[in-house]
Amino acid sequence: MTHRETSVLLGIIQVAYPKFYSNEFDVDNAVNVWQEMLQDIGLDLAKAAVHIHISTSPFPPTISDIRKHAVNAVHKSISADEAWGQVKRAISKYGSYREEDALNSMNESVAKLVRRFGFKDLCMSENIMADRAHFLKLWDTSSKHEREQALIPSSVKDKLTLMGKNIGLIENKQEI
């Protein structure tokens with residue numbers, strides 16, 4: 001979102017929650033912070049997230065509220081049982097010899113987790129109930145991590161990546 005679009009968004013929030021904003025509210029600083037944290041979200045999605053929040057909460061949204069509503073609107077997650085259902089269908093339809101077709105038939109997140117397990121290993125398993133239990137547990141952990149990562153602005157991820165690379169360079173120089 002641009003600076004101007006962020007001003008529009010904050011204007012909507014101010015109109016919806018007038019008693020929470022005083023004359024001392026530093027609009028310029030707020031716009032800068034919100035713009036930085038929401039720059040990877042388009043205005044239409046951000047407005048939709050604000051409208052969801054206004055519809056469901058008597059309190060003004062925080063940046064994290066807006067990001068959560070936006071992520072929930074865009075990332076439709078499936079349950080662990082639905083994910084396991086995709087695995088079972090792929091195993092029965094494609095068998096162990098058509099692994100790529102089977103993986104392509106699954107949701108991207110499901111296929112990623114199945115690759116960690118090994119599709120052929122799942123097909124040949126002699127204890128499918130234990131594999132199912134293990135898969136469901138990992139699915140919940142993986143889904144939670146994926147959702148948490150989606151909440152972090154891409155600009156923050158980029159800065160952290162760059163910082164990590166810089167730290168690696170510094171550590172390498174110290175070893176030399």
Problem - Polar side chain donor-acceptor pair, Asp65 to Thr62, under 3.5 angstrom - result: yes

Problem - Sub-4.5 Å side-chain heavy-atom contact between Pro153 and Arg67 - result: yes

Practice task
Indicate yes or no: at least one non-hydrogen side-chain atom of Thr6 is less than 4.5 angstrom from one of Thr2.
Solution key: no

Exercise for the section: Write down the atom of Pro61, the atom of Tyr17, and the distance for their closest heavy-atom approach. Expected result: CD-CE1, 3.8 Å

Completion exercise
When rounded to the nearest 0.5 Å, the distance separating CD1 of Ile52 from OG of Ser57 is 12.5 Å

Handout entry: Heavy atoms of other groups near Arg4 CZ, more than 12 under 6.0 Å
Key = no

Practice task
Following the transitive rule for hydrophobic clusters with a side-chain heavy-atom cut-off under 4.5 Å over Ile, Leu, Val, Met, Phe, Trp and Tyr, establish whether Leu43 and Val74 coincide in one cluster.
Solution key: yes

Problem - side-chain contact (heavy atoms from CB on, under 4.5 Å) evaluation trace for Val110 with Ile78 - result: CA-CA 9 Å; Val110 176; Ile78 61 173; 3.7 Å; yes

Fill in the blank from the handout: Interatomic distance, OG@Ser154 vs CD@Gln39, rounded to 0.5 Å, equals 6.5 Å

Exercise for the section: State plainly whether one hydrophobic cluster holds both Ile63 and Ile13, where clusters connect Ile, Leu, Val, Met, Phe, Trp and Tyr through side-chain heavy atoms under 4.5 angstrom apart. Expected result: yes

Practice task
Could you tell me whether Asp40 and Lys157 have a side-chain N and a carboxylate O separated by less than 4.0 Å?
Solution key: no

Problem - Shared hydrophobic cluster, Leu151 / Val156 (ILVMFWY, side-chain heavy atoms < 4.5 Å) - result: no

Practice task
Give, for atom CZ of Arg132 and atom CG of Leu122, the distance between the pair rounded to the nearest 0.5 Å.
Solution key: 13.0 Å

Practice task
Check Ala46 against Ile66 and note the closest heavy-atom contact, atom names and distance.
Solution key: O-CG2, 4.4 Å

Practice task
Would you mind listing every ring pair (Phe, Tyr, Trp, His ring centres under 6.0 Å) that reaches into residues 106-129, with sequence neighbours excluded?
Solution key: Phe117-His134, Phe117-Phe135

Problem - Heavy-atom donor-acceptor pair, Glu36 side chain to Val33 backbone, under 3.5 Å - result: no

Exercise for the section: Kindly give the heavy-atom pair with the smallest separation between Ser96 and Met124, and that separation in Å. Expected result: OG-CE, 3.3 Å

Problem - Student check: side-chain heavy atoms of Ile12 and Ile54 closer than 4.5 Å - result: yes

Practice task
Kindly indicate whether the side chain of Asp131, heavy atoms from C-beta on, has any atom under 4.5 Å from the side chain of Asn127.
Solution key: no

Exercise for the section: Using modelled atom types only, decide if a donor and an acceptor are shared between the side chain of Trp84 and the backbone of Ala133 within a distance under 3.5 Å. Expected result: no

Problem - Cys123 side, atom SG; Tyr94 side, atom OH - distance, nearest 0.5 Å - result: 12.5 Å

Problem - From CG (Leu113) to OG (Ser142), nearest 0.5 Å - result: 5.5 Å

Handout entry: Shortest non-hydrogen contact between Val71 and Ala150, atoms and distance
Key = CG2-O, 3.5 Å

Problem - side-chain contact (heavy atoms from CB on, under 4.5 Å) assessment of Glu5 paired with Leu9 - result: CA-CA 6 Å; Glu5 290 172 335; Leu9 192 70; over 6 Å; no

Exercise for the section: Answer whether the closest heavy-atom distance between the side chains of Thr141 and Lys144 falls below 4.5 Å. Expected result: no

Completion exercise
Closest non-hydrogen contact found for Ala70 with Ile41 is CB-CD1, 4.0 Å

Practice task
Keeping to residues at least two apart or across chains, list the ring pair (Phe, Tyr, Trp, His ring centres under 6.0 Å) pairs with something in residues 27-64.
Solution key: His53-His69

Practice task
Any pair with a residue in residues 106-122 that passes side-chain hydrogen bond (donor to acceptor under 3.5 Å, both in side chains), sequence neighbours left out, goes on the list, sorted by first then second residue, please.
Solution key: Ser109-Glu146

Problem - Modelled atom types, side-chain donor and acceptor of Ser105 and Gln86, under 3.5 Å - result: no

Exercise for the section: Step by step, work out the side-chain contact (heavy atoms from CB on, under 4.5 Å) result for His3 and Asn32. Expected result: CA-CA 7 Å; His3 194 270; Asn32 289 335; 3.1 Å; yes

Completion exercise
Interatomic distance, OG@Ser7 vs CE@Met1, rounded to 0.5 Å, equals 9.5 Å

Exercise for the section: Give the C-alpha distance, both sets of side-chain angles, the deciding distance and a yes or no for side-chain contact (heavy atoms from CB on, under 4.5 Å) between Arg147 and Asn72. Expected result: CA-CA 9 Å; Arg147 185 163 296 280; Asn72 288 339; 2.6 Å; yes

Problem - Basic-acidic side-chain contact under 4.0 Å: Glu82, Arg89 - result: no

